[in-house]
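Just so you know, ligand 1 is whichever comes first in the structure, and atom 1 is the first atom listed for that ligand. Sequential numbering from 1 along the given sequence is applied to the chain's residues. Just the heavy atoms: all of them, side chains too, but no hydrogens, waters or symmetry mates, feed the values below.
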Amino acid sequence: MGHRWRALIDADRNQPQIDRHLLARVYTYARPHLREVAIVLVTIVIISLLELIPPLLYRELIDEVLPNRDWLRLNLLAGAMLGIPLVTAGIGLVQRHYSARAGEGIIYDLRGAMYHHLQRMSMRFFTHTKAGEIISRFNNDVVGAQNAITGTIPSIVTNVVTIASTLVVMATIEWRLALMAVLVVPVFLLPARYFAGAMRVLRRQSMQQNAEMSTLVNETLTVNGALLVKTFGNQRREAARFDQSNIAVRQLGIRRAELGQLFFLGMRIVGAVGTALIYWLGGYLVLNNAITTGTIVAFAAYLVRLYGPIAALSNVHIEFAQSMVSFERVFEYLDKPVEIEDKPGAVVLQNVKGHIVFDRVWFKYQGALPGTAPQPARNDAPDHDPGAEDTLLDSTVPIPSRQWALEDVSFTIEPGQLVALVGPSGAGKTTITYLLPRLYDPTQGSIRIDGIDLRDATLESLAHEIGIVTQESYLFHDTIRANLRYAKADATDEELETACRAANIHDMILGLPSGYDTVVGERGYRLSGGEKQRLAIARVILKNPRILVLDEATSHLDSQNEALIQAALEPLFHGRTSVVIAHRLSTVLAAHKILVLNQGKVVEQGTHAELLARDGLYAHLYRTQFRHTAPPAAEPAAAPAPLSLAPAD
Ligand code: ADP
């Protein structure tokens, strides 16, 4: 068995170190709660001192009261023995109250700081972070930090105070016995350390194994996973994988139990040895009349107060370092720079007309954040070198995926115009709709609304002016009414209804079990794709922005839904500047301008008629895609636009 434990102990060497800067930073969170912390410290000291008294009472009982048959003092002593624990318990309550206040207060600040900070992060952060990761930092790490504050730190202080005060009293009463009690300490300190280290490694291993097991269960016993396993006939393979994991968990559980027993046994033996030595040496001293019988009993009682805390302290620095890792992980998030925020003196967009300019916009998702690092863009996307684009394309270095999501994109949209973005998948259409509401900043170049660079406007006013309908509209798990009011908190029921009528969803809502009070979203009533989009359109109608960004649903809608959405869009486009990722013939026909994108570049611009005449990419897309999206009644090339908006020119 020996080498098994040794391996565990070696594995434990790799412990996190406690870092001064980290401690200083944690302290800044404690500072606002210093009053509570001080009260906790005072109560710890008072309790420790009070707990020193009972052994002295035992001594007095044995040495004085019993031999002298002193009834009065016997009663007094009994009263004190009863009273002291009561008082201690009362002070303990006060301590618990203030330590909870301090601990929860610190964690409250930390959690709040993290939420507020993360909320300001750009979409780049969210697309590059696993959803579970953020939740885990909120749950596990904040709780880990909380353990340090409310558990580890107070326990360190308590133990140190207890040991120090006990040692002082022991040495004062009888230094020879005290010295002996201290000499026993290393005998059990060393094994205690090793055992606890091994225990920690086992705990970590079993946490890891359990996590693996939950991942496995999660992957194979959920709707999508089960479907995959079944359709590939892989039940047996998954069962074998699970058995393996199950065996590992069992094995670790057994070893933890064994080790725990050994540790417990060791502690008991050392305790017994210490006590035996005290009585043995103490007995000699009593027989030599050097000390009293009561002194030995008092010492045996103090011994417990000495060894327990020493055992606890022997490993506490590692527990502490581990909880500090939690702080570190929280701080790591707090330190992430906010990429997109209001710059000082940002202007509030007001009375926006909706004139939009993309001015030589280059954008890439990966790599250096704009404005925070030297811009590699300078090398391959120079402002005024027309040859550079070719250099980039002719590059002999194979680039697995295109480096730039947008390359030198320029266009202008006049107020009130409808612009359709078309192009093959991956062309950069969605990226343009992300840049406009400033979910990302261009890597190079600028985007202006009414002549104001987006980076000079406040984010709030920008969000206010731009309304977005995406393909997969997100609905909260809440009533339809509440979901609609997200766009306008004070909207009246009449306003909601008007918006829903305009979006062609009112009648459908009335047909639902609870009408506007039907709960939708993740676990609620499942709306179809078309219904969801119409609801999203109603939400945007309520918001009533000057600029509209719309990603038309690609999922093939039935002709009824198709017609309903088409009719809902008409009033939506009216009087707004609209940028639409178009999948519908009616939209491209109605557009004042069509921007054809390919590989991140605008390759053609113009109206439907102009672009058809050009016989380029648009004409090709039209023949292969849009033509089929026309309702059977309307023969696209000849028929006028189904929307009332006349194409420009
Ligand atoms: P479209 O909407 O025209 O299909 P997108 O704008 O979504 O095209 O994508 C343009 C390019 O950017 C594609 O090459 C795509 O792979 C890439 N891209 C899109 N989103 C991200 C992202 N979050 N991270 C990295 N690359 C992305």
Side-chain angles (χ1 to χ4, degrees), residues 118 121-131 133-134 336 339-340 356 358 360-370 372-373 375-377 380-381 389 392-393 395 397-411 413 419-445 447 454 466 468-474 529 533 536 548-556 578-584 587-588 591 593-605 611 616-618 620-622 624-626 629:
L118 291 188
M121 301 307 289
S122 78
M123 289 311 290
R124 195 191 302 272
F125 170 78
F126 295 105
T127 52
H128 288 120
T129 313
K130 277 190 282 178
E133 178 70 22
I134 298 176
K336 287 207 181 287
E339 257 182 85
I340 296 183
I356 298 173
F358 268 59
R360 315 210 65 171
V361 170
W362 293 71
F363 178 76
K364 66 169 137 192
Y365 282 99
Q366 252 88 28
L369 311 177
T372 57
Q375 289 204 5
D380 42 24
E389 204 171 290
L392 189 69
L393 290 178
S395 164
V397 185
I399 302 170
S401 66
R402 210 170 72 235
Q403 194 190 3
W404 295 96
L406 292 180
E407 292 183 32
D408 204 12
V409 167
S410 296
F411 59 84
I413 309 176
V419 164
L421 304 176
V422 302
S425 157
K429 305 180 293 292
T430 313
T431 306
I432 288 181
T433 66
Y434 286 165
L435 293 184
L436 196 52
R438 221 186 151 203
L439 299 180
Y440 298 91
D441 277 339
T443 314
Q444 196 167 314
I447 302 169
L454 297 187
I466 301 181
I468 300 176
V469 179
T470 54
Q471 280 203 29
E472 260 303 305
S473 302
Y474 187 74
Q533 191 155 49
L548 175 74
V549 175
L550 170 77
D551 189 351
E552 288 186 334
T554 43
S555 48
H556 288 288
S578 308
V579 179
V580 181
I581 299 180
H583 295 292
R584 229 175 253 120
T587 311
V588 287
K593 188 194 276 184
I594 298 168
L595 291 178
V596 186
L597 285 134
N598 193 22
Q599 306 253 340
K601 295 195 222 31
V602 178
V603 291
E604 293 171 11
Q605 299 195 30
L611 294 179
L617 179 59
Y618 177 78
H620 172 72
L621 288 171
Y622 166 70
T624 54
Q625 289 180 12
F626 291 107
T629 65

Those atoms of ligand 1 less than 4.0 Å from some heavy atom in Thr431: 5 (P), 6 (O), 9 (O), 10 (C)

Does either side chain, that of Thr431 or that of Tyr365, offer a donor lying less than 3.5 Å from an acceptor on the other one? yes

Would you say Gly428 contacts ligand 1, with heavy atoms under 4.0 Å as the rule? yes

Please identify which atoms of ligand 1 are closer than 4.0 Å to at least one heavy atom of Ser425. 4 (O)

Is there any N or O on Ala405 that sits under 3.5 Å from an N or O of ligand 1? no

If only atom types and distance count, is the side chain of Glu552 paired as donor or acceptor with the main-chain N or O of Arg584 below 3.5 Å? yes

Can you pull the salt bridge (Lys or Arg N to Asp or Glu O under 4.0 Å) pairs that have at least one residue in residues 419-430, sequence neighbours excluded? none

Looking at Ser410 and Arg360, would you say the former's side chain and the latter's main chain have a donor-acceptor pair under 3.5 Å? yes

Could you list the residues that satisfy side chain to side chain contact (heavy atoms under 4.5 Å, CB included) with Ser122, not counting sequence neighbours? Arg124, Glu339, Ile340

Any N/O of Ile581 closer than 3.5 Å to an N/O of ligand 1? no

Got an N/O contact under 3.5 Å between Tyr440 and ligand 1? no

